[in-house]
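I have placed the structure first, in the form of structure tokens, so that the comments after it can refer back to it.
Reminder, nothing fancy here: chain letters follow the sequence lines and each chain counts from 1.
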Protein chains: 2
Amino acid sequence: MAISQKCQYALRAIYELALHQDEGPCKIGAIAEAQSIPVRFLENILNSLKGADIVDSARGKEGGYYLLKPADSITVGEVIRFVQGPIGPVECTSRVDDDCDFYSDCVFRPLWDKARAALESVYDGTTFQDLVDQSANICRIPQCSCNKKKIESKSH
Amino acid sequence: MAISQKCQYALRAIYELALHQDEGPCKIGAIAEAQSIPVRFLENILNSLKGADIVDSARGKEGGYYLLKPADSITVGEVIRFVQGPIGPVECTSRVDDDCDFYSDCVFRPLWDKARAALESVYDGTTFQDLVDQSANICRIPQCSCNKKKIESKSH
DNA sequence: ATCGTTCCCGAGCGTTTCAATCGGGAATCC
DNA sequence: GGATTCCCGATTGAAACGCTCGGGAACGAT
């Protein structure tokens, strides 16, 4: 299963929230700008992510979105599964009730299983904290406060 | 990138041809029946595979489709790439000229690269001969000659 | 030569999915 | 009560997908 645009937006948005996790809620406009995501679309995405207990939000001035868990306990895999369903190269191996003519006799099933396992190991083995740690430039908005932090921690 | 129905049909068809490789051309109707593929659709698929120098065909009575190479030198990966393009979890990492805003700065790129490498290793590491060797039941049509062969070789 | 068999080829079609938008509503804070 | 910000469902437009269709052309047998 390819990673859809929507899912990539979700991942980037959560990554952005992870960058700013200890600064209070992020406004949706800021997230959208930092990550080049259409605002109204991002609205849908973030709202649906609330159903996964990954993010929550506050309204009014100083409102915005924030993570419900520390970044090191949110995996890429869990976000992908929530946004676009089971991870895997083909649909039939992710379903129990399968209308495929081949069932477990399918010659290709071991192959799909191997591919799925490989993908899951990559996606489930990466947390958003890993991504934050790996990022060289931190935030793409130069004036953003998170970049100050980065500079400070470098000079230590 | 998910494996499309069309691509699965292509793989199953080539597998079927591999089963019967030393028996002359296979008629498209037989392939379609053995692998539960809509005939007119399979027609499209097999014809396009001729462009990849994987199969060729002969017309008239005793005509049909056959593999141009031994089954152990056709990989699953090469078929997938021909039918549905570059292997990978997202499009942007497969393209050189990329209209993504993030280019090589993308925090997720290492992840996509890992995922792609994992998929490629699975798909490029499997030949159709591997699939034939692994198959327990050989052909799904009980009366088919390839099953006789199987029985003979078992009794040896 | 002609007839049956089989492949050949491009055009078309209905459905679903995808990405994105829109209008208007409701909570929160000053 | 007004500014700010999130909330929610409906809708749209375009593209991809799975599949069908009609008619044509090569091959072999008789």
Side-chain angles (χ1 to χ4, degrees), chain A residues 1-13 16-17 20 24-33 35-52 54-68 80 83-86 90-92 99-101, chain B residues 1-13 16-17 20 24-33 35-52 54-68 80 83-86 90-92 99-101:
Chain A
M1 191 193 242
I3 305 299
S4 66
Q5 186 75 293
K6 177 178 179 180
C7 188
Q8 292 186 59
Y9 288 159
L11 295 169
R12 297 219 300 265
E16 190 66 22
L17 292 180
H20 299 271
C26 292
K27 300 189 206 325
I28 199 168
I31 303 170
E33 191 193 358
Q35 294 291 332
S36 297
I37 305 172
V39 197
R40 301 302 287 269
F41 197 19
L42 181 57
E43 216 172 56
N44 295 344
I45 294 165
L46 285 174
N47 279 330
S48 90
L49 284 172
K50 290 167 62 175
I54 293 175
V55 308
D56 204 354
S57 60
R59 294 200 250 203
K61 193 149 175 107
E62 302 304 300
Y65 291 88
Y66 51 92
L67 297 181
L68 276 177
I80 294 176
V83 175
Q84 54 170 41
V90 293
E91 279 77 26
C92 62
D99 59 356
C100 167
D101 286 354
Chain B
M1 192 194 241
I3 306 298
S4 65
Q5 186 75 292
K6 178 179 179 181
C7 188
Q8 292 186 58
Y9 287 159
L11 294 169
R12 296 219 301 265
E16 189 69 22
L17 292 180
H20 300 269
C26 292
K27 300 190 208 321
I28 199 168
I31 304 170
E33 190 194 357
Q35 294 291 332
S36 297
I37 304 172
V39 198
R40 303 301 289 269
F41 197 20
L42 182 56
E43 218 172 55
N44 296 344
I45 294 165
L46 285 173
N47 279 330
S48 89
L49 284 171
K50 289 167 62 173
I54 293 174
V55 308
D56 204 354
S57 60
R59 294 200 249 202
K61 191 148 176 106
E62 301 304 300
Y65 290 87
Y66 52 91
L67 297 181
L68 276 176
I80 294 176
V83 175
Q84 54 169 41
V90 292
E91 278 76 27
C92 63
D99 60 356
C100 166
D101 285 355

Find the distance [X]:[atom1] to [N]:[atom2] and express it as a whole number of Å.
X	N	atom1	atom2	result
Arg59(B)	dG4(C)	CZ	C1'	15 Å
Leu42(A)	dC22(C)	CG	C1'	16 Å
Gln5(A)	dT17(C)	CD	P	19 Å
Met1(A)	dT17(C)	CE	P	11 Å
Lys61(B)	dG4(C)	NZ	P	12 Å
Gln84(A)	dT17(C)	CD	P	14 Å

(message) Is it the case that dC9(C) (base atoms only) and Glu43(B) (side chain only) share a donor and an acceptor within less than 3.5 Å, ignoring hydrogens and angles?
(response) yes
For the student: nearest non-hydrogen atoms of [X] and [Y], plus distance:
X	Y	answer
Val55(A)	Leu68(A)	O-CD1, 3.5 Å
Ser57(A)	Lys50(A)	OG-NZ, 3.0 Å
Ala10(A)	Ile45(A)	CB-CG2, 3.6 Å

(message) Tell me if a side-chain donor or acceptor on Gln84(A) pairs with a main-chain N or O of Cys7(A) at a distance below 3.5 Å.
(response) no
(message) Tell me whether Glu16(B) contacts the main-chain N or O of Ala32(B) through its side chain, where contact means a donor paired with an acceptor under 3.5 Å.
(response) no
(message) A side-chain contact here means heavy atoms from C-beta on lying under 4.5 Å apart; do Asn47(B) and Tyr65(B) qualify?
(response)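 Counting from C-beta outward, Asn47(B) and Tyr65(B) do come under 4.5 Å.
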(message) I want to check something: taking the side chain as every heavy atom from C-beta on, are Leu17(A) and Tyr66(A) in contact at a cut-off of under 4.5 Å?
(response) no
Just to be sure I understand the rule, does [X] reach a base, reach only the sugar-phosphate, or reach nothing, if contact means heavy atoms closer than 4.0 Å?
X	answer
Cys7(A)	nothing
Gly64(B)	sugar-phosphate
Leu46(B)	nothing

(request) Report the residue (Asn44(B) or Ile28(B)) whose heavy-atom-nearest nucleotide on DNA chain C is the more 5′ of the two. (result)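 Counting from the 5' end, the first nearest nucleotide belongs to Ile28(B).
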(request) Between Arg40(A) and Cys26(B), name the one whose nearest nucleotide on DNA chain C is closer to the 5' end. (result)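 Upstream on the strand: Cys26(B).
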(request) Name the first nucleotide and the last nucleotide along DNA chain D (5' to 3') that come under 4.0 Å of a heavy atom in chain B. (result)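 Taking any atom under 4.0 Å from a heavy atom of chain B, the span is dG18(D) to dC27(D).
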(message) If you only use heavy atoms from C-beta on, which nucleotide in dA27(C), dC7(C), dA20(C) is closest to the side chain of Phe41(A)?
(response)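 Of all the options, the side chain of Phe41(A) is nearest to dA20(C).
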